[in-house]
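The block underneath contains the structure these notes are about, expressed in structure tokens.
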Amino acid sequence: MTSVTFIQQQLNISDKSINATLKLLSEDCTIPFISRYRKDATGNLDEIQIEQISKLNKQFEEIIKRKESILKSIDEQNALTTELKHRIDESFDLQELEDLYLPFKKRRKTKADTAKEKGLEPLAKIIMSQKVDDVQYLASKYFNDEVTSEEEALQGARDIMAEWINENMYVRKNLRRLFQRKAVITSKLVKAKKDEEGAQKFSQYFEWEESLNRAPSHRLLAMLRAEAEGFVKTNILIDKDEAVDFIENAIIKTKNDSSQQIALAIKDSYKRLLEPAISNETLQEAKEKADKKAIEIFSENLSQLLLAPPLGEKRILAIDPGYKSGCKVVCLDEKGDLLHNETLYPHAPQNESGMAMKKIRSMVNAYNIQAISIGNGTASRETEFFIKKIAFDKPLQVFVVSEAGASVYSASKIARDEFPSYDVTVRGAVSIGRRLADPLAELVKIDAKSIGVGQYQHDVDQTQLKNELDSTVMKCVNSVGINLNTASKSLLSYVSGIGEKMAENIVNYRAENGSFEDRKQLKKVPRLGEKAYQQAAAFVRISNAKNPLDNSAVHPEAYGIIEKMAKDLGIKTDELIANKEKIALVQPEKYINETIGILGIKDILKELEKPGLDPRKAAKVFEFDPNVKSIKNLNIGMILPGIINNITAFGCFVDLGIKESGLVHISQLKEGFVSDVNEVVKLHQHVQVRVTEVDEARKRIQLSMIL
């Protein structure tokens, strides 16, 4: 089987598209580049399909590598028969390959190994043939210095047979199916832990039982976390009698003394070998599915957060609010550079609101501030009310933004490098201001796991999580494009074909040589070769460039085509840009070449209509209910405005402008059945909710979007 066939079996994509995609990937083309600029080659595959092909190709390579390792190991044991080699060669199922390898796997000494050393394997073979009736007499023939009784001989034979049954591929395959269909997961309290701190948050699982294949991902991960922290013990179980009956029906063909010994071996094999192994496999498989679901949700949330509406290049006054420690205030220019910082104390215990008002007004005027950004942490609402009392000389937009991850950024090396002379409080306030101006540019500096838009992120496979989140960030950065002359090293490192080291080289080149004037200058950056330039050029933007196309998503390889289009229309190239009437006269078929086909030409024409258009929406001001300042102000039945600040598999959390977020369960998102929360709501969406339950003691709020 080839990798193309393997991929085709799992994806409904033509072999031509798969072959073209694999060729491009082997040439170190990035997924964003392939999906956007090689549509004609791949048959218009999107990023998700290309990523699936890439993952399946890696999976195929892993299977081939594992097969080679298994064949080598068995061959070194002089146990590789023609039939076994054929079965391994034909299998492309990792589980099946491991079953084939199981009898030859190096392991600790087993009961069966001890029995074989005592010379009891021939006895086990005869009993397993089920042709002997008097097993006691047969067993007596195998007495020696180490075997002195019939029962000792038969026990050894049963140990050997139990191992054979454990290694039986048919038995293992069908037991797996039985577990997958009928397994129940149970969790029970570890009594010694009941009164320990943190136990009560897992109280739901002190006595819990449900079908494993119906347990939602978040519940399975919660149970496993409770077990990892020592509060409960979980088990994966099926009906033991049903499992043993199945194995007996599969193996026992007669009714005699031999079959009785085999029945005993089956019970032992199931209890000691099969059940622990298959139940563990089943749990691992369920955990992998739960991980995948949790990572998908995290990835989707992260994407929505990164692509949140930017305010754009504005002068911003940002506030990291606080009580006793004061409000950290910073003023930023259009590029996010720090102009001024100080600490004000408008709230208790100092209550210096009058002085704080004067200073805020003075800063707004002195630095020509256009918008105010307030972090949504401690004292956020009070700070918002305080700001809105100030009589400014001009109207100002006031935004409350998420602080999630700001403290992580402020203590990071990136922040220290950016602001070596300032403490963490100033850096945190700068981050709050910058994430209003451009959430994408600022949030890429923070480890995605610290942004707080996932669930159980510390419980899922960390390698998979990192790979998926890195991929998500890369997709978002390249879908928007970045300003080559203002982008940070962090942002540049996610650009197609760039990476961390090259990003550093670009920043250093920019510092030494000034702003880039055109995309071709990228080639002068140390170690940035032709391939990297091809992958990156169209994803960077240069405003006021010599060539206006350098501020668009048009790839430089297409500049010649656009020049020809303009020439054919009798106008200059810059006269074609954003000229819908002239663009409508272009006949796409005339400009197809070996690299760019009809799909590519149509994309070029679309981009020419609105060059460099940011796909993100504009930021909107949002106001919480001014009467709700804490959970104490909530009453059942209230209709309130809110912002969705986290999405999970079971619902979404809504920020009501107080410390505690409220939960809208999936059943309360809208009338009728909902299978996927993301189909109904998006992160940062402005919503109206109804309060349905308030548990002040546990600080829990239940909400409904069915008004």
Side-chain angles (χ1 to χ4, degrees), residues 183-237 275-276 279-295 297-298 301 377-378 403-405 407-408 411 447-466 630-632 634 645-655 658-666 693-703:
V184 167
I185 183 167
T186 66
S187 65
K188 294 187 185 297
L189 171 69
V190 176
K191 290 180 181 176
K193 291 271 196 174
K194 185 178 181 182
D195 298 321
E196 282 194 16
E197 187 182 348
Q200 282 308 306
K201 67 180 177 182
F202 298 115
S203 59
Q204 179 183 351
Y205 306 111
F206 287 175
E207 194 69 41
W208 186 267
E209 179 179 308
E210 73 177 308
S211 173
L212 182 61
N213 63 14
R214 289 184 183 171
S217 62
H218 62 273
R219 199 146 63 222
L220 176 60
L221 291 171
M223 273 187 264
L224 295 179
R225 181 189 285 181
E227 183 172 47
E229 293 185 17
F231 295 113
V232 303
K233 181 70 181 167
T234 64
N235 274 303
I236 304 295
L237 306 167
E275 184 185 36
S279 67
N280 187 52
E281 271 184 27
T282 306
L283 179 59
Q284 284 305 110
E285 191 178 290
K287 167 74 164 58
E288 284 170 15
K289 286 179 181 173
D291 281 5
K292 187 181 177 186
K293 181 68 176 174
I295 290 170
I297 291 169
F298 199 149
N301 288 354
T378 305
E403 285 185 11
S407 59
V408 175
D447 176 7
K449 286 190 294 183
S450 305
I451 296 176
V453 289
Q455 206 186 19
Y456 302 105
Q457 56 260 46
H458 302 294
D459 303 290
V460 301
D461 184 293
Q462 294 301 293
T463 303
Q464 282 185 28
L465 177 64
K466 184 181 185 310
S630 77
I631 194 170
K632 295 179 187 296
L634 295 180
N645 61 2
N646 202 358
I647 293 174
T648 69
F650 55 86
C652 65
F653 288 91
V654 178
D655 182 359
I658 58 177
K659 188 175 180 182
E660 302 80 13
S661 291
L663 172 66
V664 180
H665 188 266
I666 190 169
E693 189 181 324
V694 181
D695 185 339
E696 203 175 316
R698 295 170 74 195
K699 299 188 182 304
R700 290 189 178 179
I701 305 161
Q702 297 284 340
L703 306 169

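The chain is numbered in sequence order, starting from 1. Keep in mind that the numbers below use all heavy atoms, side chains included, and drop hydrogens, waters and symmetry copies.
Here the side chains of Ile236 and Asn280 are not in contact, with every heavy-atom distance at 4.5 Å or above. Here the side chains of Asp291 and Leu465 are not in contact, with every heavy-atom distance at 4.5 Å or above. Between Leu189 and Glu207, the closest side-chain pair of non-hydrogen atoms is not below 4.5 Å. Counting only heavy atoms from C-beta outward, the side chains of Thr234 and Tyr205 never approach each other to under 4.5 Å. Residues Ile295 and Gln464 form a side-chain contact, since some pair of their non-hydrogen atoms from C-beta on lies under 4.5 Å apart. Side-chain contact check for Gln462 versus Val460: some heavy-atom pair is nearer than 4.5 Å. Looking at Leu224 and Asp459, their side chains never come closer than 4.5 Å, going by heavy atoms from C-beta outward. Side-chain atoms of Asn301 and Thr648, non-hydrogen and from C-beta on, never get closer than 4.5 Å to each other.
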Could you walk me through whether Leu237 and Glu275 pass the side-chain contact (heavy atoms from CB on, under 4.5 Å) test, one step at a time? CA-CA 8 Å; Leu237 306 167; Glu275 184 185 36; 4.2 Å; yes

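To the nearest 0.5 angstrom, Glu227 atom CD is 13.0 Å from Lys188 atom NZ. The NZ atom of Lys699 lies 13.0 Å from the OG atom of Ser661; values are rounded to the nearest 0.5 Å. Here His665 contributes atom NE2 and Leu703 contributes atom CG; the two are 13.0 Å apart, rounded to the nearest 0.5 Å. Going from atom NZ of Lys233 over to atom OG1 of Thr186 covers 10.0 Å, rounded to the nearest 0.5 Å. A distance of 10.0 Å separates CE in Met223 from CG in Leu283, rounded to the nearest 0.5 Å. If you take CG on Asn213 and CD on Glu285, they are separated by 10.5 Å, rounding to the nearest 0.5 Å.
Between Ile666 and Ala649 the shortest heavy-atom distance is CD1-O, 3.9 Å. For the residue pair Ala290 and Leu220, the shortest heavy atom distance occurs at CB-CD2, 4.0 Å. Of all the heavy atoms in Thr282 and Ala183, the pair that sits closest is CG2-CB, 4.5 Å. Of all heavy-atom pairs between Val232 and Ser187, the closest is CG2-CB, 4.2 Å.
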Review item, side-chain donor-acceptor pairs of residues 190-204, under 3.5 Å, at least two apart:
{"unit_1": "Lys193", "atom_1": "NZ", "unit_2": "Glu196", "atom_2": "OE1", "d": "3.4"}
{"unit_1": "Ser203", "atom_1": "OG", "unit_2": "Gln200", "atom_2": "O", "d": "3.0"}

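In Lys287, the NZ atom is crowded: over 12 heavy atoms of neighbouring residues, nucleotides or ligands sit closer than 6.0 Å.
For Lys466, the salt bridge (charged side-chain N to carboxylate O under 4.0 Å, His left out) partners two or more places apart in sequence, or in a different chain, are Asp470.
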